[in-house]
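All remarks here apply to the structure that follows.
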Amino acid sequence: MSYLVLARKWRPKKFSEVVGQQHVLRALINGLDQDRLHHAFLFAGTRGVGKTTLARILAKSLNCEQGVSSTPCGECQSCQEVDAGRFVDLIEVDAASRTKVDDTRELLDNVQYSPSRGRYKVYLIDEVHMLSTSSFNALLKTLEEPPPHVKFLFATTDPQKLPVTILSRCLQFNLRRLELEQISGHLANILQQEDIKFEVGALTELARSADGSMRDALSLLDQAISFGAGEVTDEHVHQMLGTINQHQLFHIVTALINHDGKALLEQAQELSAQGRDFISVLNALLALLQRLATVQLVPELEYSSDDEQQLLTSISTQISPETVQLLYQIALHGKRDLPLAADPKSGFEMTLLRMLSFQPKKSEPVTTATPVNKPVPTASPKVNPTVIAEEQVVSPVSYAPTVPASPKLSSQIAEPPQPPSIPTKPAPKIEQAIVDNQTASKTLNASNWLSVIGSLKLAAFSRQLADNSAFIKFEDNKVTLVIAPELAHLSSDKTQDRLATALGKYLGQTIKLVFQQEAQQDAVTATPTLAAERARQTQLSHQHAVDSIQNDPAVDELKQAFNGRVIETTIKPLD
Ligand SMILES: [Zn+2]
C-alpha cells in the first residue's frame, strides 16, 4: 500500500529533488560548496512549502561522512539517520508548543556542546515568532557569539513578529508558495513513477486546492488515490473536493451566452445533486472569468493548457470584455452574499440569474477583432468532444449598445429593453415639424415660427438673432419680432438684413423685419423662441433619461448589488 505514504516516500532527499524555491537553494548550495555558510537562516513562508525538507537536506550536507557538500551521499550512516528522522544532531523544535523560557534555556544550554555524531548541530526552530520575550533574549545571546559547530534554521509564517535584533542576525529567505504548475507537475511525476493512472485535470484541481503547499497537495493526492480505488480521475477528484469540473463550468458560461435560463438552472440542480460546495463553484467560475478576460485583453499571453486556451478563445469572441467584467463582479458579490442566502443553492441560483439578466440576448453577429472560427481541439482530456461541439454551434451574440428603454420608442423596437442602457432623446419635434412644413403652403405664423426658423440657412450672429427672436405677427410683407432686452446686442443692421433675406427667400417675397421695443417685452414670454424651445427640449429629454434610469429594475438591481447610487447629472440622453 505504497500510495498511503506518498508525502513521506517522495520527500526530497537532495537539493536537486526540491521543487521550486530556487533562490533559496542557490544560496544554500553556493554556501555549502564554498564552505561559507551563514550560521543562521530565517525561512519565512506558509506551511508545506519545504522548510523542514530544506533543513534536513542541509543537516545531511553538513554531516555526510563523505564531507561537507551540496550533494550528500545519502548512503552513509549520518545521511540515513537524517532521512529516517533520527539524527541526534538535527534538533527540531516547535516554538508554538515550547514558549517557556526554561525550555529554551535548556535547549540553548546544549548549544555549546559539540555535536555528538556529526560535524554540525542543526537547530530547526519552527514558528520561531512564538517564542517568549525572555526566550528571545536567551536566543539572542547565542546568536551574538554562535559556536562554530552550530547552524540555526528558523522558520516562521509571520516574520514581522520577530524582534529586529534577531532578524538582523539572520539571512532571511522568503519561501514562496509553489505555483500550480510546479505542484501538478510534481504530482504527475510521482504518479508516473508509481504507475498510477491519472487525468491531468484532476492534478490541476488538487494543486489548486493545495494553495501553494506541496505537503497539502501530496496529502490530497493520497486521499484521491484511496477515493478513486487506485486511479486519479477528474470526476473522483471533483467529488472528493466538492468542486466543479471544467466541463460543467463551460456549460454554465455557454448557457449564459446563449441566454438559456433553463440550462443554467439545470446546471445548478445538477451541482446541488452532486453535493458540490457552491463557494468553491463560484471560485472556479471567478477563475474561469479571469482567464477569459486575460484571453480577451492580453491574447498574446498563453498560460492555460492548449485545449483550455482554445476553448477560452472560442468563447471569448461571443461575449464582450465589459460583460465578462460585470459577470466577475456579480460572481464576487454572489460569493460574499452566499452565507446570507436562505440556502446555498438558492443563493447560487440567484447569482446565475443576476448574471443572466445582465447578459445581452443574442441577436446580431458579433463584431470583435478575433475570428470566431478558431480551430477547436477534437479531443481533450478536460472537456469531452460533445461539449466542444456544443461550444462550436453557439450562435454569436451581440453586445452592440442595446436600444433605449424609452417607453415612447418601445413599439419600434423588436428587442425588449436591455440593461444597462441609457435612453435616447425622443426624436426632436422641431425637425419633424420642418419636414411637415416643406410640403405646406409658405406662410409664417406663431405655430410654424419655430420650424421655419429652424430650417433657415443662417450663420453665426444671424442664427443667434433668429434663435432668440419671438414671433409676434406677419402682416403684408412685415414680420414683427421681439427679442429680450439682454439679447438686443444680437440685433444689428447686418444680422437683421441676413435674417430678412432668408425669411424672404422662404416666403417667396421681399419682407421687412420689425423689432418691437422693450415696452412689449411681455411678448417674449408669451411666444417661445427657438433657443428657449431647445433648452426646454434638452431639459425634457434629460428628465426623460433620468426617469428611465431611475425606474429601470435592472439599474435598481445594480444599485443594490454594488451598494451604489445614480448621479443624475451624469445621465446623458443619447443623440
Ligand atoms: Zn552521507
Side-chain angles (χ1 to χ4, degrees), residues 46 177 180 201 204-213 216 220 234 237-257 259-261 263-297 303-304 308 311-312 315-316 319-359 382 419-420 553-565:
T46 53
R177 280 165 190 276
L180 194 83
T204 307
E205 210 49 47
L206 289 172
R208 193 171 284 137
S209 286
D211 193 23
S213 164
D216 288 358
L220 286 171
D234 284 358
V237 166
H238 286 296
Q239 277 180 28
M240 183 184 98
L241 298 172
T243 49
I244 182 176
N245 63 36
Q246 293 298 95
H247 169 118
Q248 290 172 302
L249 215 48
F250 277 106
H251 263 310
I252 288 179
V253 175
T254 309
L256 278 172
I257 291 174
H259 220 269
D260 188 346
L264 213 50
L265 293 187
E266 278 169 4
Q267 283 298 317
Q269 178 56 42
E270 191 183 316
L271 291 169
S272 178
Q274 292 167 341
R276 304 295 196 221
D277 166 36
F278 285 113
I279 290 279
S280 73
V281 171
L282 283 171
N283 277 336
L285 195 52
L286 283 165
L288 178 70
L289 290 168
Q290 183 264 332
R291 293 199 294 280
L292 198 51
T294 311
V295 168
Q296 285 178 326
L297 302 174
Y303 70 114
S304 301
E308 194 191 54
L311 262 179
L312 285 171
I315 288 180
S316 71
I319 185 167
S320 79
E322 294 81 5
T323 306
V324 171
Q325 293 296 324
L326 190 60
L327 297 185
Y328 185 90
Q329 282 298 319
I330 295 172
L332 208 56
H333 282 85
K335 188 179 137 188
R336 182 197 65 188
D337 294 343
L338 203 63
L340 305 176
D343 61 90
K345 180 170 173 253
S346 67
F348 179 71
E349 282 182 350
M350 200 57 201
T351 304
L352 291 185
L353 292 174
R354 182 172 285 173
M355 289 177 169
L356 190 66
S357 66
F358 286 115
Q359 165 66 18
K382 286 184 188 166
V555 173
D556 208 43
E557 200 171 336
L558 262 180
K559 277 163 41 181
Q560 286 183 19
F562 300 110
N563 193 24
R565 66 189 174 88

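Throughout, numbering of the chain's residues begins at 1 and tracks the sequence. What you see below is based on every heavy atom in this structure, not just the backbone, and it leaves out hydrogens, waters and symmetry mates.
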Please check if the side chain of [X] supplies one atom and the backbone of [Y] the other of a donor-acceptor pair under 3.5 Å.
| X | Y | value |
| --- | --- | --- |
| Arg177 | Asp211 | yes |
| Asp337 | Leu340 | no |
| Gln296 | Ile319 | yes |

Do [X] and [Y] make a side-chain contact, defined as non-hydrogen atoms from C-beta onward lying under 4.5 Å apart?
| X | Y | answer |
| --- | --- | --- |
| Leu285 | Val253 | yes |
| Leu206 | Leu241 | yes |
| Leu297 | Pro321 | yes |
| Leu326 | Ile330 | yes |
| Leu558 | Phe358 | yes |
| Gln274 | His238 | no |

Closest non-hydrogen atom pair, [X] against [Y]:
| X | Y | result |
| --- | --- | --- |
| Phe348 | Leu338 | N-CD1, 3.5 Å |
| Ala255 | Leu264 | CB-CD1, 3.7 Å |
| Leu286 | Ala331 | CD2-CB, 3.6 Å |
| Gly334 | Thr351 | CA-OG1, 3.5 Å |
| Ala561 | His333 | O-CD2, 3.3 Å |
| Ala268 | Phe278 | O-CZ, 4.1 Å |

Note to self: Tell me whether the count of non-hydrogen atoms from other residues, nucleotides or ligands lying under 6.0 Å of CZ in Arg565 goes above 12.
What the structure shows: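 Atom CZ in Arg565 is not packed in, count stays at 12 or less.
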What distance separates [X] [atom1] from [Y] [atom2], expressed to the nearest 0.5 Å?
| X | Y | atom1 | atom2 | value |
| --- | --- | --- | --- | --- |
| Gln267 | Glu349 | CD | CD | 12.0 Å |
| Asp260 | Leu265 | CG | CG | 9.5 Å |
| Thr254 | Leu249 | OG1 | CG | 9.5 Å |

Next item on the list: Determine, stepwise, if the pair Leu180 / Arg208 fulfils side-chain contact (heavy atoms from CB on, under 4.5 Å).
Entry: CA-CA 6 Å; Leu180 194 83; Arg208 193 171 284 137; 3.8 Å; yes
Checklist line | Matching residue for Leu288 among Leu312, Leu311, Ile252, Val324 - test: side chain to side chain contact (heavy atoms under 4.5 Å, CB included) | finding: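 Per the side chain to side chain contact (heavy atoms under 4.5 Å, CB included) rule, the option paired with Leu288 is Leu312, out of Leu312, Leu311, Ile252, Val324.
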